[in-house]
Amino acid sequence: MNFSNKVWQLTQKIPKGKITTYNIVAKKLNSKAYRAVGQALKKNPNAPEVPCHRVVASDGSIYGYKGIKNNKEKINLLKKEGIKIKGKKIINFKEHLYKF
DNA sequence: CGCTTGACACCGT
DNA sequence: AACGGTGCCAAGC
């Protein structure tokens with residue numbers, strides 16, 4: 001079981017309409033490798049199974065996801081799940097926050 | 001085996 | 001409040 005593998009497993013656990021942060025995921029893995037979490041998610045071999053769009057930065061902003069590409073469709077999908085996004089930041093992201 | 005990179009977080013300015 | 005610099009950890013080369 002690699003670090004990345006755990007990350008994906010946890011990410012899969014995120015229910016629809018909920019989100020979490022890299023920091024939290026790393027802590028759940030008993031580690032401070034929140035950056036490595038991002039690395040794992042970007043690899044994401046299980047694209048459909050792992051909702052990486054539900055993992056955001058600690059301040060509730062989309063770090064890199066939309067930044068890499070102008071993929072508004074994914075952001076729109078998040079909105080459809082009940083998450084409101086203003087620019088790169090999630091509105092009331094703490095309320096949707098899933099702490100495992 | 002060691003240096004560089006990156007979807008972050010934290011602190012100072 | 002916004003921006004920039006620094007530290008962190010795992011993976012890749």
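Computed from a prediction, not measured in an experiment: that's the story for all the values here. The sequence lines fix the lettering, A, B, ..., with proteins before strands; numbering per chain opens at 1.
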5' to 3' contact window, DNA chain C with chain A (heavy-atom distance under 4.0 Å):
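Range of nucleotides touched by chain A: dG7(C) to dG12(C).
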Among residues two or more places apart or on two chains, list those pairs meeting salt bridge (charged side-chain N to carboxylate O under 4.0 Å, His left out) that have a residue in residues 27-39 of chain A.
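Qualifying pairs: none.
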Under 3.5 Å, sequence neighbours excluded: what are the donor-acceptor pairs made by side chains of residues 92-100 of chain A?
residue, atom, partner, partner atom, Å
His96(A), ND1, Gly17(A), O, 3.4
His96(A), NE2, Gly82(A), O, 3.4

Looking at side-chain heavy atoms only, is the closest gap between Phe3(A) and Val37(A) below 4.5 Å?
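A side-chain contact under 4.5 Å exists here.
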Do Ile62(A) and Ile90(A) make a side-chain contact, defined as non-hydrogen atoms from C-beta onward lying under 4.5 Å apart?
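Heavy-atom side-chain distance check passes, below 4.5 Å.
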Please state how far atom CH2 in Trp8(A) lies from atom P in dA7(B), giving the value in whole angstrom units.
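For the pair Trp8(A) CH2 and dA7(B) P, the rounded distance is 15 Å.
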What is the distance, to the nearest angstrom, from the CD1 atom on Ile14(A) to the P atom on dA7(B)?
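Result: 18 Å.
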Using heavy atoms and a sub-4.0 Å distance, could you list which residues of residues 17-36 of chain A are near DNA chain C? By number, please.
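Of all residues in residues 17-36 of chain A, the ones placing a heavy atom under 4.0 Å from DNA chain C are Lys32(A), Ala33(A), Tyr34(A), Arg35(A), Ala36(A).
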When rounded to the nearest 0.5 angstrom, what is the spacing between SG in Cys52(A) and CG in Asn44(A)?
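It is 4.5 Å, given to the nearest 0.5 Å.
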Once you round to the nearest 0.5 Å, how far does NE2 of His53(A) lie from CD1 of Ile85(A)?
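Answer rounded to 0.5 Å: 9.0 Å.
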Glu81(A): salt bridge (charged side-chain N to carboxylate O under 4.0 Å, His left out) partners, not counting sequence neighbours:
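Arg54(A).
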If you look only at pairs with a residue in residues 1-16 of chain A, which of them pass as a side-chain hydrogen bond (donor to acceptor under 3.5 Å, both in side chains), with sequence neighbours excluded?
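Residue pairs passing side-chain hydrogen bond (donor to acceptor under 3.5 Å, both in side chains), neighbours aside: none found.
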On DNA chain B, does the nearest nucleotide to Gln39(A) precede the nearest nucleotide to Asp59(A) from the 5' side, or the other way round? Give the residue.
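It is Gln39(A) whose nearest nucleotide is closer to the 5' end.
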